[in-house]
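By convention in this document, chain letters (A, B, ...) are assigned in the order of the sequence lines, proteins followed by strands, and residues within each chain are numbered from 1. Since we're looking at a predicted model, the values are computed, not measured.
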2 protein chains.
Amino acid sequence: MKNATDLFFDAFANRNRFNILMQLKNKEMCAGDLQQTLGVEQTNLSHDLKCLLNCKFISVRKEGRKRVYRINNETKELVDEVVKHVKNYETYLKKCGILKEEKNGRI
Amino acid sequence: MKNATDLFFDAFANRNRFNILMQLKNKEMCAGDLQQTLGVEQTNLSHDLKCLLNCKFISVRKEGRKRVYRINNETKELVDEVVKHVKNYETYLKKCGILKEEKNGRI
DNA sequence: TTTATATATGATAAAAATTTCATATAATGA
DNA sequence: TCATTATATGAAATTTTTATCATATATAAA
């Protein structure tokens, strides 16, 4: 059974969703803008936005036929913390053989 | 291709590995203690400890035939941040239908 | 009121992560 | 040295996550 922490990581610790949060750190954006900037599939993005919305990591408002997304403040801070940590540990992370990187070149 | 952030989440955002970090926040522990406290498989734990070590989220020293693990300070702080965030968003996380919780009871 | 644009939904396919299993190594004490 | 305890390793099986596909809805403009 999943606990709140598991659910948190499921939502937050995902490449595509985290990239969305990184973009929204700088400015509000509609789905179309995000799609272009991140170069992701439309349906994929839509699924991810819904997840982030459900978890209240972001909010949305309508503007014409577009939907404009915005990151919430607490989430923005946490994103910054993670970015900082990644920078500090980058060297070691890239060497950690347990993670998938290692498997490349072994096929 | 994976970047440093992906690798970070692979290592950090995992139920078992995060539980290990949570335990080590309070005190140093050897593998056997962790196994008992967390109720996990021995080999599984060993894999996870190696991952955390490689990433330098924890360190280890020998003591007789045991190995005593310790969390590093920066990682401890990040764990605290996450715990705080989870507490704040718990309600929404549990309602997010995208995450697996929803699938239970559907089979 | 038909068409085009912007975005959402649900089911399945594909890829990746986690667990399990069989076995290895390392240190200590008898 | 041999047995025992503590922990580690690598590969295969299982489970979960992510991507894709086919299609739906909602808004606005023609």
Task: Heavy-atom protein contacts under 4.0 Å, nucleotides 19-30 of chain C, coded B base, S sugar-phosphate only, - none - done: SBBB----BB--

Open item on the list: Is any side-chain heavy atom of B:Tyr89 closer than 4.5 Å to one of A:Asn72?
Closed with: yes

Task: Check: A:Asn19 and A:Gln23 side chains under 4.5 Å, non-hydrogen atoms - done: no

Task: Aromatic plane relationship, B:His85 with A:Phe12 - under 30° parallel, 30 to 60° tilted, over 60° perpendicular - done: tilted

Task: Heavy-atom closest contact (A:Leu7 atom, B:Leu93 atom, distance) - done: CD1-O, 3.7 Å

TODO: Please report the closest heavy-atom contact between A:Leu49 and A:Ala31, naming both atoms and the distance.
DONE: CD1-CB, 4.1 Å

TODO: Indicate, with a heavy-atom threshold strictly under 4.0 Å, whether A:Tyr69 touches base, sugar-phosphate, or nothing.
DONE: sugar-phosphate

Rounded distance (Å) that lies between atom [atom2] of [N] and atom [atom1] of [X]:
X: B:Asp6; N: C:dA16; atom1: CG; atom2: P; result: 12 Å
X: A:Arg15; N: D:dT18; atom1: CZ; atom2: C1'; result: 12 Å
X: B:Lys50; N: C:dA17; atom1: NZ; atom2: P; result: 17 Å
X: A:Phe9; N: D:dT16; atom1: CZ; atom2: P; result: 18 Å
X: B:Gln36; N: D:dT7; atom1: CD; atom2: P; result: 11 Å
X: B:Phe12; N: C:dA17; atom1: CZ; atom2: C1'; result: 18 Å
X: A:Leu45; N: D:dT18; atom1: CG; atom2: P; result: 15 Å
X: B:Leu7; N: C:dA17; atom1: CG; atom2: C1'; result: 14 Å

Anything under 3.5 Å between a protein N or O and an N or O of nucleotides 12-15 of chain D, put it in a table, one pair a line.
none

Open item on the list: Between B:Arg17 (side chain only) and B:Asp10 (backbone N and O only), is there a donor and an acceptor less than 3.5 Å apart?
Closed with: yes

Task: Donor-acceptor under 3.5 Å (A:Asn14 side chain, A:Ala11 main chain) - done: no

Open item on the list: Within this structure, what is the CG-CD distance for the pair B:Leu78 and A:Glu81, rounded to the nearest 0.5 Å?
Closed with: 6.5 Å

Task: B:Lys2, nearest nucleotide to its side chain (from C:dT7, C:dA17, D:dT17) - done: C:dA17

Return a table of donor-acceptor pairs under 3.5 angstrom between the side chains of residues 58-69 of chain A and protein atoms on other chains or two or more places apart.
unit_1, atom_1, unit_2, atom_2, d
A:Arg61, NH1, A:Glu63, OE2, 2.5
A:Arg61, NH2, A:Glu28, OE1, 2.2

